[in-house]
Novice: 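One structure coming up, written as structure tokens, with questions to follow.
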Number of protein chains: 2
Amino acid sequence: MGRHSDAREKLLEAALDLIWTSSYGGVSVDDICERAGVNKGSFYHFFPSKSDLAVAAYEAHWQSAQPDLDRLFSSATDPIERLQRWCTRLHETQHQKFLTYGYVVGCPYANAGSELATQDPKIRAKAQEMMDRWLDYLEATIRDAQLQGSAEVDQPRAAATQVYSCVLGLLLQAKIQNDPAVLLELESAVNRLLRIRAPLHPVS
Amino acid sequence: MGRHSDAREKLLEAALDLIWTSSYGGVSVDDICERAGVNKGSFYHFFPSKSDLAVAAYEAHWQSAQPDLDRLFSSATDPIERLQRWCTRLHETQHQKFLTYGYVVGCPYANAGSELATQDPKIRAKAQEMMDRWLDYLEATIRDAQLQGSAEVDQPRAAATQVYSCVLGLLLQAKIQNDPAVLLELESAVNRLLRIRAPLHPVS
DNA sequence: GGCTTACTTTACCGATCGGTCAAGTAGGCC
DNA sequence: GGCCTACTTGACCGATCGGTAAAGTAAGCC
């Protein structure tokens with residue numbers, strides 16, 4: 001039944017890349033098509049609209065990142081170490097992007113949410129979904145840390161919200177200052193928010 | 001020498017309002033002119049470009065908010081109380097916007113920085129300037145709290161960065177969830193980040 | 001081999017984008 | 001009263017926006 005094509009995947013990747021390093025409004029459908037090497041007609045064969053492509057691109061990006069996250073947040077790892085490795089990873093990722101593009105690019109989902117939450121309900125909902133998935137990883141980790149007595153929190157979900165807010169805020173500050181080093185504050189902030197006792201390598 | 005006009009001020013106010021509740025890319029020069037009741041020719045009489053207007057609008061907004069901030073962060077007030085009142089104020093402001101527009105709108109400077117940091121150097125620089133002004137208020141307050149022994153931090157500037165990141169992140173989460181109540185986590189997060197002893201009304 | 005279906009190609013749409021321009025008008029200053 | 005200057009007016013620009021349509025082509029299925 002008909003031929004098959006990798007145009008869809010190329011569009012998803014091009015869209016994520018371009019929108020992440022620029023913004024949703026700053027990237028046109030033509031830009032995405034050009035980067036993907038796909039004609040505009042094909043674009044609208046695969047996606048009903050620009051915003052539908054964006055939503056699909058975020059989902060595809062998550063799907064590709066999830067195996068790595070599952071490894072990072074594996075319950076076989078000590079919860080404090082999970083958090084520390086995650087902090088390190090965040091800095092590394094942004095630093096790499098900084099070297100590649102010359103800019104700290106922040107979190108793609110948060111960028112989209114910040115720009116479009118009041119304008120595009122589908123994208124707002126997708127950003128919220130992504131946020132909730134992150135919060136689930138954090139909540140589980142914080143709960144484990146609490147159970148083994150290495151963190152002192154009241155409600156793990158609320159603590160996860162606080163930790164996640166610190167991450168989003170530092171990513172945003174790093175982006176606005178265009179300096180990945182801002183993210184080095186993250187580990188200390190997490191230790192304080194969770195009242196972590198005897199961090200493996202204390203930073204504050 | 002010539003007549004004088006309030007068109008400039010009307011444009012600044014219209015631009016801030018529209019961009020804050022939508023986004024820079026989502027608002028056109030025509031939109032701003034229409035809201036301000038000013039013709040496009042007049043727009044370009046006062047401002048060389050859309051982004052110059054945006055920068056001027058952020059500065060004007062800061063100037064109008066500064067007296068209030070100076071009162072809030074007055075060194076005559078107990079530093080812990082300054083922080084608590086600020087947390088309360090942030091929630092009230094967003095809640096008010098939520099009631100007015102139906103949306104949590106977040107921080108105008110952070111929104112602009114998030115959207116345009118990699119695209120418009122002038123706006124990125126302005127967002128960074130705004131951020132630094134906030135950090136100055138916070139750093140001074142944290143320093144005062146540290147001196148009177150009610151907070152325990154190592155470097156006040158770094159602590160200010162952490163507190164500010166929590167604010168930005170919670171504002172962003174509140175915007176993406178479109179729920180002002182997310183900001184109620186702020187006070188508890190600040191208490192933990194600064195290791196505040198005996199908060200006036202403990203929340204965690 | 002032929003039919004169906006999936007995908008590609010390309011030209012095109014009206015609307016809107018940021019920005020320009022030249023002519024006109026009104027207020028302060030001498 | 002006249003002139004300079006600040007400001008207004010509204011028509012206009014080429015480019016680009018997101019999206020459409022119709023014809024063409026190639027791969028899988030029978």
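Per chain, numbering begins at 1; letters A, B, ... match sequence-line order.
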Novice: Can you name the ring pair (Phe, Tyr, Trp, His ring centres under 6.0 Å) partners of B:Y137, sequence neighbours left out?
Specialist: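 So B:Y137 forms a ring pair (Phe, Tyr, Trp, His ring centres under 6.0 Å) with B:F73.
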Novice: May I have the list of side-chain donor-acceptor pairs in residues 170-178 of chain A shorter than 3.5 Å, sequence neighbours left out?
Specialist:
residue : atom : partner : partner atom : Å
A:Q173  : NE2  : B:T161  : O            : 3.0
A:K175  : NZ   : B:S114  : O            : 2.7
A:N178  : OD1  : A:V104  : N            : 2.8
A:N178  : ND2  : A:G102  : O            : 3.2

Novice: Hey, can you pull the donor-acceptor pairs under 3.5 Å for the side chains in residues 14-22 of chain A, sequence neighbours left out?
Specialist:
residue : atom : partner : partner atom : Å
A:D17   : OD2  : A:Y101  : OH           : 3.4
A:W20   : NE1  : A:G106  : O            : 2.8
A:T21   : OG1  : A:D17   : O            : 2.9
A:T21   : OG1  : A:L18   : O            : 3.4
A:S22   : OG   : B:Q119  : OE1          : 3.3

Novice: Between the protein and nucleotides 10-16 of chain C, which nitrogen or oxygen pairs are less than 3.5 angstrom apart?
Specialist:
residue : atom : partner : partner atom : Å
C:dT10  : O4   : A:G41   : N            : 3.3

Novice: Verify side chain to side chain contact (heavy atoms under 4.5 Å, CB included) between B:D144 and B:R82, making sure each step is shown before the conclusion.
Specialist: CA-CA 11 Å; B:D144 288 351; B:R82 280 179 241 168; 2.9 Å; yes
Novice: In this structure, how many angstroms lie between the P atom of D:dC17 and the CG atom of A:L18, rounded?
Specialist: 12 Å
Novice: Nearest-Å distance, CZ (B:F43) to P (D:dT8)?
Specialist: 13 Å
Novice: Of the residues in residues 45-54 of chain B, which ones touch DNA chain C at a heavy-atom distance under 4.0 Å?
Specialist: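 Under 4.0 Å from DNA chain C: B:S49, B:K50.
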Novice: For B:Y24, enumerate each residue passing the ring pair (Phe, Tyr, Trp, His ring centres under 6.0 Å) test, keeping only those at least two apart in sequence or located in another chain.
Specialist: none
Novice: Among all residues two or more places apart in sequence or in another chain, which pass the ring pair (Phe, Tyr, Trp, His ring centres under 6.0 Å) test with A:H95?
Specialist: A:H91
Novice: Could you list the residues that satisfy side-chain contact (heavy atoms from CB on, under 4.5 Å) with B:E129, not counting sequence neighbours?
Specialist: B:E59, B:K126, B:R133
Novice: Expressed in angstrom and rounded to an integer, what is the separation of A:D31 atom CG from D:dG19 atom P?
Specialist: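 One finds 14 Å between P of D:dG19 and CG of A:D31, rounded.
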Novice: Counting just side-chain N and O atoms, does B:Y44 come under 4.0 Å of either OP1 or OP2 of C:dT20?
Specialist: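 Checking B:Y44 against C:dT20: no side-chain N or O falls below 4.0 Å of OP1 or OP2.
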Novice: Nearest of D:dC7, C:dC7, D:dG18 to any side-chain atom of A:S5?
Specialist: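 The closest nucleotide is C:dC7.
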Novice: List for me each residue that meets ring pair (Phe, Tyr, Trp, His ring centres under 6.0 Å) alongside B:F98, sequence neighbours excluded, and say none if there are none.
Specialist: none
Novice: Atom CG of A:D6 to atom P of C:dA6: distance rounded to whole Å?
Specialist: 17 Å
